[in-house]
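Here the structure is laid out as structure tokens; the discussion comes afterwards.
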Amino acid sequence: MTTHWVSDSAWALALGGAILALLWLAERLGPKVPVEVTRKLVHLGAGMTVACVPLVFSSPLVPTVLALGFVVIMAGSKAAGLMKSVHGVDRRSVGAFIYPVAIMALLWWCWPRPLHYFIGIMVLAFSDALAALVGKTYGRLHFQVREQTRSVEGSLMFFVCTVAVVHPPLLLYGGTGRLETLLISTIVAMLVTALEAVSVYGMDNIVIPLGTVFALQQLET
């Protein structure tokens, strides 16, 4: 038991340090790079960092404490006017606070099925980040969801990226056939793309991974 706590604490320090280093890098890039890019850099890097959590921790308890710590860091930095590379967007968003909460929720839900956790995190990290960057850069066909503007191009990128993210791990480790896996990946991508398109105020950070896992659990049974 003591060995597990020591190992888990060491991994928590390593992962926490990696994410803090990522936040520091985003701040250094901040004056030269648009805030949407630095936000997505953190978004992507944090997702890739925590994707390994079920493989290296003995239980969800220590990573939950780590996630709560980052909720406090995000809230404190927002209140103090710090971390402009994360908080400095010109729209209302609670995404920076929701992100670690989503990881916590996904971790507890998927602890017996780490493959689903991994897929949910990868969709959140890659599909959401790439869709936002493509939409901002190349978006021409726009639609409005409350006061936030979305693009068809961004949603299309989200769909394609989600299929690409879900299909390989499901095919290799999910225990289903090729055609079934492709069909499941496509249905998951369609559902989560629709959810992402109508999520506002940064709530997509929790809607995307939970929606992905919910769809996987329904379709794989």
Atom pair SG/CG of Cys161 and Leu156 - distance to nearest 0.5 Å: 11.5 Å
Gap separating the CE atom of Met122 from the OG1 atom of Thr162, nearest 0.5 angstrom: 12.5 Å
Interatomic spacing from CZ in Arg113 to CG in Leu216 - rounded to 0.5 Å: 8.5 Å
Heavy-atom check, side chain of Tyr99 versus side chain of Ile103, under 4.5 Å: yes
Leu179 side chain near Leu183 side chain, heavy-atom distance below 4.5 Å: no
Side chain to side chain contact (heavy atoms under 4.5 Å, CB included) partners of Ala132, counting only residues at least two apart: Lys40
Counterpart residues, side chain to side chain contact (heavy atoms under 4.5 Å, CB included), relative to Phe57 (two or more places apart): Asp8, Trp11, Ala12, Leu15, Val53, Val62, Pro63, Trp111
Flag side-chain contact, heavy atom, 4.5 Å: Phe159 against Val192: no
Side-chain donor/acceptor of Thr193 to backbone N/O of Met190, under 3.5 Å: no
Which residues share a side chain to side chain contact (heavy atoms under 4.5 Å, CB included) with Tyr138, sequence neighbours left out: Val134
With Tyr117 via ring pair (Phe, Tyr, Trp, His ring centres under 6.0 Å) - residues at least two apart: none
Residues forming a side chain to side chain contact (heavy atoms under 4.5 Å, CB included) with Leu195, sequence neighbours excluded: Leu191, Val207
Spatial distance of atom CG (Leu23) from atom CD1 (Ile73) [nearest 0.5 Å]: 8.0 Å
Residue Phe118 excluded, over 12 heavy atoms near CZ under 6.0 Å: no
Minimum heavy-atom distance between Leu66 and Gly16, given as atom pair plus value: CD1-CA, 4.0 Å
Residues Glu196, Arg150: salt bridge by 4.0 Å N-O rule: yes
Point-to-point distance, once rounded to the nearest 0.5 Å, from OG1 of Thr38 to NZ of Lys84: 12.0 Å
Of all pairs that satisfy side chain to side chain donor-acceptor pair (under 3.5 Å), the ones with a partner from residues 165-180, not counting sequence neighbours: Thr176-Thr181
